[in-house]
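Right, one structure below, let's go through it.
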Amino acid sequence: ALFTLGIITFRFLRMGIMSFRKCDSRYLIVLSYLVIDLFWNILFSPTSHLRLSIPINFAVIFILYLSRKNIVKKQMVLC
C-alpha cells in the first residue's frame with residue numbers, strides 16, 4: 001500500500017511540475033502552492049492528510065494538467 005501511494009504521489013507531482021510550463025498565469029500560484037503542499041504532506045504530515053487534504057490537491061493538479069494538455073492539443077491543431 002505504501003509503495004502504491006508513492007507511485008501515485010510521484011505521478012501527481014510529475015503532472016504538477018509538467019503543468020508549470022503551460023499553466024495559465026492566474027493559476028500558477030495555486031498550482032505551485034498545491035505541489036509544494038502535496039510534497040510536504042507526503043513527507044512530513046500524519047496519515048490523516050491522506051484522507052483530508054491530499055485528494056483535493058490531486059484533483060486540482062489533475063484538472064490543471066488536463067487543461068494544459070488541452071491547450072497543447074489546440075496549438076498543435078492550429079499549426
Side-chain angles (χ1 to χ4, degrees):
L2 188 60
F3 180 71
T4 306
L5 178 66
I7 290 173
I8 292 170
T9 303
F10 176 73
R11 181 176 168 103
F12 276 97
L13 283 172
R14 197 176 111 233
M15 282 180 176
I17 292 170
M18 287 173 51
S19 296
F20 280 119
R21 283 187 273 152
K22 295 284 183 180
C23 183
D24 191 3
S25 62
R26 295 178 291 179
Y27 305 122
L28 196 57
I29 293 174
V30 174
L31 179 64
S32 59
Y33 172 76
L34 289 175
V35 168
I36 292 169
D37 186 49
L38 176 65
F39 185 71
W40 185 265
N41 284 338
I42 289 297
L43 289 180
F44 301 114
S45 295
T47 56
S48 65
H49 279 283
L50 298 176
R51 185 172 53 88
L52 299 173
S53 65
I54 290 178
I56 296 169
N57 291 357
F58 281 171
V60 174
I61 289 171
F62 187 64
I63 288 171
L64 290 174
Y65 176 75
L66 288 179
S67 69
R68 175 197 165 268
K69 283 183 71 173
N70 194 17
I71 290 170
V72 170
K73 272 188 187 176
K74 284 182 182 177
Q75 287 178 351
M76 290 179 71
V77 169
L78 293 175
C79 292

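For F20, the CZ atom is densely surrounded, since the number of other residues' heavy atoms within 6.0 Å is greater than 12.
The shortest side-chain heavy-atom distance between N57 and N41 falls under the 4.5 Å cut-off. The side-chain heavy atoms of F58 and I8, taken from C-beta on, include a pair separated by under 4.5 Å. A 4.5 Å side-chain heavy-atom check between F39 and V35 finds every atom pair outside the cut-off.
Both L38 and L43 are members of a single hydrophobic cluster when ILVMFWY side chains are connected at heavy-atom separations under 4.5 Å. Cluster membership for L66 and L64, using ILVMFWY side-chain heavy atoms within less than 4.5 angstrom, is shared. By the rule that hydrophobic residues join a cluster once side-chain heavy atoms approach within less than 4.5 Å of another member, F62 and I36 end up as members of separate clusters. Under the 4.5 Å side-chain heavy-atom criterion for Ile, Leu, Val, Met, Phe, Trp and Tyr, V60 and L52 are members of distinct hydrophobic clusters.
The minimum heavy-atom distance linking S19 with L31 is given by the pair CB-CD2, 3.7 Å. When all heavy atoms of Y65 and M15 are compared, the closest pair comes out as CD1-O, 3.7 Å.
Evaluation of the salt bridge (Lys or Arg N to Asp or Glu O under 4.0 Å) rule for R51 yields no partner, not counting sequence neighbours. Considering only residues two or more places apart in sequence or on other chains, S32 meets the side-chain hydrogen bond (donor to acceptor under 3.5 Å, both in side chains) condition with none of them. Under the side-chain hydrogen bond (donor to acceptor under 3.5 Å, both in side chains) criterion, R21 pairs with no residue, sequence neighbours left out. Residues satisfying the ring-ring contact (aromatic ring centres under 6.0 Å, His included) criterion with F44, sequence neighbours excluded, are W40.
For residues 1-16, there are no side chain to side chain donor-acceptor pair (under 3.5 Å) pairs, not counting sequence neighbours.
Rounding to the nearest 0.5 Å places CD1 of I63 at 10.5 Å from OH of Y27. One finds the CD1 atom of I61 at 9.0 Å from the CD1 atom of I17 (value rounded to the nearest 0.5 Å).
Within the hydrophobic cluster formed by Ile, Leu, Val, Met, Phe, Trp and Tyr side chains joined at under 4.5 Å, directly or through other members, I29 stands alone, with no partner residue.
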